[in-house]
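Sequence lines set the chain letters: A, B, ... in the order given, protein chains first and strands last, and positions in each chain run from 1.
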Amino acid sequence: AQSVTQPDIHITVSEGASLELRCNYSYGATPYLFWYVQSPGQGLQLLLKYFSGDTLVQGIKGFEAEFKRSQSSFNLRKPSVHWSDAAEYFCAVGESDTGRRALTFGSGTRLQVQP
Amino acid sequence: NAGVMQNPRHLVRRRGQEARLRCSPMKGHSHVYWYRQLPEEGLKFMVYLQKENIIDESGMPKERFSAEFPKEGPSILRIQQVVRGDSAAYFCASSSTGGENIQYFGAGTRLSVL
């Protein structure tokens with residue numbers, strides 16, 4: 001079964017600084033990969049996704065992520081963080097070779113932005 | 001263009017009561033998924049349904065939990081005889097029939113069991 005690890009439970013960055021949130025997965029084939037963001041008391045909003053092709057994917061709100069097969073990673077990046085980016089971020093994996101549609105989520109990284 | 005609609009947003013039940021959570025998928029979507037989020041944890045898959053069919057219920061607890069997605073109307077997640085451990089946020093997602101499994105989430109129902 002696949003699994004997702006987000007090693008950083010909590011990250012604090014200053015507004016305007018760059019950001020990288022780590023995501024590692026375990027899966028036999030190349031998975032479908034997603035990043036979602038959850039603001040307090042809200043649902044999850046899709047930031048970006050990777051299915052195939054170019055390993056650097058662009059998302060909404062200035063986020064990007066890079067799929068690295070050799071490292072089984074799909075890290076999320078943003079060059080300059082805004083205060084409104086404070087939220088919880090979830091990496092998720094979907095199965096690409098079985099037809100099963102359930103997503104497996106990491107435990108999340110809570111981002112705090114200092115002024 | 002409404003997104004995934006869940007209601008109620010907050011639900012309070014006493015131990016032993018029943019909880020019914022409703023989810024209307026995005027327009028044009030025929031796949032519905034339910035996930036549970038316990039405090040300080042990520043989302044855990046519960047069940048995947050299409051109209052009138054349960055496709056994958058591998059994440060559903062064996063007892064007290066059931067789900068349906070009737071031909072007409074919203075999907076319902078039903079929890080019978082709730083216990084304190086059922087307190088969580090329950091999220092519904094929907095996707096289209098296409099090959100890409102892109103799931104869009106509702107705002108969730110936060111269930112509190114007293």
Side-chain angles (χ1 to χ4, degrees), chain A residues 1-10 21-27 29-53 57 59-60 76 87-110, chain B residues 2-10 21 23-26 29-50 53-60 67 69 88-110 112:
Chain A
Q2 70 272 27
S3 64
V4 181
T5 301
Q6 294 181 245
D8 304 304
I9 297 172
H10 190 193
L21 302 182
R22 296 183 291 165
C23 173
N24 293 96
Y25 67 88
S26 173
Y27 186 64
T30 298
Y32 298 145
L33 294 160
F34 307 85
W35 275 100
Y36 287 87
V37 60
Q38 183 181 33
S39 297
Q42 301 298 313
L44 278 71
Q45 182 181 21
L46 180 65
L47 284 176
L48 47 77
K49 60 190 183 298
Y50 173 80
F51 287 96
S52 64
V57 294
I60 62 171
L76 182 71
E88 187 141 25
Y89 292 79
F90 292 96
C91 181
V93 165
E95 297 183 24
S96 59
D97 59 345
T98 65
R100 188 166 183 262
R101 295 177 74 92
L103 298 182
T104 299
F105 283 82
S107 54
T109 297
R110 186 172 300 277
Chain B
V4 178
M5 303 300 293
Q6 290 189 250
N7 66 83
R9 290 293 307 274
H10 300 273
L21 289 62
C23 170
S24 296
M26 283 180 69
H29 285 188
S30 59
H31 300 244
V32 165
Y33 314 81
W34 286 93
Y35 293 82
R36 177 165 61 177
Q37 184 181 34
L38 295 171
E40 307 301 322
E41 294 187 13
L43 277 71
K44 297 290 193 292
F45 168 77
M46 300 179 75
V47 63
Y48 158 42
L49 310 102
Q50 296 179 19
N53 284 299
I54 296 174
I55 308 301
D56 181 356
E57 56 182 348
S58 58
M60 284 281 269
F69 189 15
Y90 292 83
F91 289 95
C92 171
S94 72
S95 69
S96 65
T97 308
E100 290 190 345
N101 182 17
I102 303 173
Q103 297 183 20
Y104 297 90
F105 283 79
T109 293
R110 281 153 181 82
S112 296

If one checks every heavy atom of B/Gln6 against chain A at 4.5 Å, the contacting part turns out to be neither

TODO: Would you please classify the geometry between the B/His31 ring and the B/Tyr33 ring as parallel, tilted or perpendicular, with 30° and 60° separating the classes?
DONE: parallel

Max heavy-atom pairs within cutoff under 4.5 Å with chain B, candidates A/Arg100, A/Lys49, A/Gln45, goes to A/Arg100

Counting heavy-atom pairs under 4.5 Å with chain A, the top scorer among B/Asp56, B/Ile55, B/Val47 is B/Asp56

Between B/Tyr48 and B/Gln103, is the side chain to side chain donor-acceptor pair (under 3.5 Å) condition met? List the steps. CA-CA 11 Å; B/Tyr48 158 42; B/Gln103 297 183 20; over 6 Å; no

The interface call for B/Glu41 against chain A, heavy-atom contacts under 4.5 Å, is backbone

When the 4.5 angstrom heavy-atom criterion is applied to A/Leu46 and chain B, the contacting part is side chain

The side chain to side chain contact (heavy atoms under 4.5 Å, CB included) partners of A/Thr109 (sequence neighbours excluded) come to A/Gln6, A/Asp8, A/Ile11, A/Leu21

- Query: Below 4.5 Å, heavy atoms only, C-beta onward: do A/Leu33 and A/Val93 meet side chain to side chain?
  - Reply: yes

For B/Arg110, the side chain to side chain contact (heavy atoms under 4.5 Å, CB included) test, sequence neighbours excluded, returns A/Gln38, B/Arg9, B/His10, B/Ala89, B/Phe91

